[in-house]
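Just so it is clear: chains get the letters A, B, ... in the order the sequence lines come, proteins before strands, and each one is counted from 1.
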Number of protein chains: 2
Amino acid sequence: MDNLDYGIIDLLRQNARAGYGDIGASVGLSASAVKRRVDRLIADGVIKGFTVQVDPAVDGLGTEAYVELFCRGTVSPQELQRILSTVPEVVDAGTVTGSADAIVHMRSRDIPSLEEALERVRNAPNVDHTRSAIVLSKLISRQPA
Amino acid sequence: MDNLDYGIIDLLRQNARAGYGDIGASVGLSASAVKRRVDRLIADGVIKGFTVQVDPAVDGLGTEAYVELFCRGTVSPQELQRILSTVPEVVDAGTVTGSADAIVHMRSRDIPSLEEALERVRNAPNVDHTRSAIVLSKLISRQPA
DNA sequence: GGTGAAATTTTTTGGGC
DNA sequence: GCCCAAAAAATTTCACC
């Protein structure tokens with residue numbers, strides 16, 4: 001992770017579909033060098049994936065919930081990650097201190113699809129139960145740079 | 001915005017660098033038809049951008065917490081919003097169903113700065129108490145718009 | 001680690017339906 | 001609006017520094 005890597009990541013954050021050639025022109029590398037670094041960043045887990053930012057109003061992702069996840073016995077973070085990454089409605093999640101094992105932030109089109117997604121989380125092995133708090137009104141939504 | 005558009009967006013959400021041909025194979029369209037739809041979705045502002053999901057530990061926002069907010073009496077959402085918007089560490093917040101009045105997602109550099117930010121939230125008028133869950137390991141971070 | 005060129009694959013354009 | 005096919009552009013591979 002040198003300054004070149006940070007530069008590449010910054011450019012990808014602004015536009016994940018930028019061409020390797022364009023990125024290279026900005027940071028001062030050839031397209032093939034950029035590709036090799038990006039491949040390495042993905043392999044090392046620094047870049048976790050490429051995604052698209054959709055207007056929530058148009059897409060109708062107005063329904064949100066914060067869900068506390070309680071597991072049976074011990075479940076590794078890797079296992080939880082594997083389970084949660086298969087549910088697209090999961091926007092954000094982490095293992096936490098306190099009585100719950102993890103907190104999961106979910107976003108969906110409406111209550112039925114939220115419930116359906118929640119079912120998929122609950123049906124995962126070792127998940128004992130969940131406690132949901134449905135968001136009534138959104139107060140803050142800041143986009144991390 | 002028909003079902004094909006939703007399908008395309010879902011696939012892009014999972015991998016924003018997927019080829020038009022691959023997307024087309026999944027939804028049943030040719031590459032050029034997919035491209036035209038994606039271009040239209042961008043032009044219409046439905047797709048706001050393409051971004052990359054980076055391991056938060058790398059960009060110096062590794063410390064996170066989910067905080068339940070309990071207020072004295074009734075506090076309007078507008079009042080809560082006014083309070084929370086003064087704390088930059090608040091990434092995301094909403095009033096919720098359940099015993100807590102609101103859930104607040106905070107992101108900070110380290111524990112001391114997180115604690116300091118939490119103090120500012122707690123000291124707001126009508127805030128009775130808070131219950132925090134510090135994030136131990138980040139599982140999912142999809143950074144929605 | 002990087003470069004540059006060749007091979008490959010994808011994107012993009014345009015005609016026809 | 002979509003498909004097919006051709007043209008243009010990008011990605012990806014690879015030998016060489």
Task: Same apolar cluster (I L V M F W Y, side chains within < 4.5 Å links), A:Val34/A:Ile47 - done: yes
Open item on the list: Mind checking if A:Arg17 touches a base, just sugar-phosphate, or nothing, with heavy atoms under 4.0 Å?
Closed with: sugar-phosphate
- [ ] Given side-chain hydrogen bond (donor to acceptor under 3.5 Å, both in side chains), test B:Thr95 with A:Ser137 step by step and report yes or no.
- [x] CA-CA 5 Å; B:Thr95 58; A:Ser137 78; 3.1 Å; yes
Open item on the list: What range of DNA chain C does chain A touch, first nucleotide to last, counting atoms under 4.0 Å from its heavy atoms?
Closed with: C:dG1 to C:dT11
Task: Nucleotide D:dC2, atom C1' - distance to CZ of B:Arg36 in whole Å - done: 8 Å
Task: Minimal non-hydrogen separation, A:Glu64 against A:Arg107, with atom names - done: CG-CG, 3.5 Å
TODO: Mind calculating the distance between CG (B:Leu41) and P (D:dG1) to the nearest angstrom?
DONE: 12 Å
Open item on the list: Quick test of your reading of the model: are A:Asp128 and A:Arg72 salt-bridged, counting only N-O distances below 4.0 Å?
Closed with: yes
Open item on the list: Under 4.0 Å, counting only non-hydrogen atoms across every strand here, what does B:Arg37 touch: a base, just sugar-phosphate, or nothing?
Closed with: sugar-phosphate
- [ ] Kindly state which residues belonging to residues 19-27 of chain B come within less than 4.0 angstrom of DNA chain C, counting heavy atoms of the residue only, listed by number.
- [x] B:Gly19, B:Tyr20, B:Gly21
Open item on the list: If hydrophobic clusters are built by linking Ile, Leu, Val, Met, Phe, Trp and Tyr wherever their side-chain heavy atoms come under 4.5 Å apart, do B:Val104 and B:Ile111 end up in the same one?
Closed with: yes
Task: Whether B:Tyr66 and A:Tyr66 hold their rings parallel, tilted or perpendicular, with breakpoints at 30° and 60° - done: perpendicular
Open item on the list: Do B:Arg40 and B:Arg37 make a side-chain contact, defined as non-hydrogen atoms from C-beta onward lying under 4.5 Å apart?
Closed with: yes
- [ ] Using a strict cut-off of less than 4.0 Å between a Lys/Arg side-chain nitrogen and an Asp/Glu carboxylate oxygen, indicate whether A:Asp10 and A:Arg13 qualify as a salt bridge.
- [x] yes
Open item on the list: Taking donor-acceptor contacts at under 3.5 Å, does the side chain of B:Ser32 reach the base of D:dC2?
Closed with: no
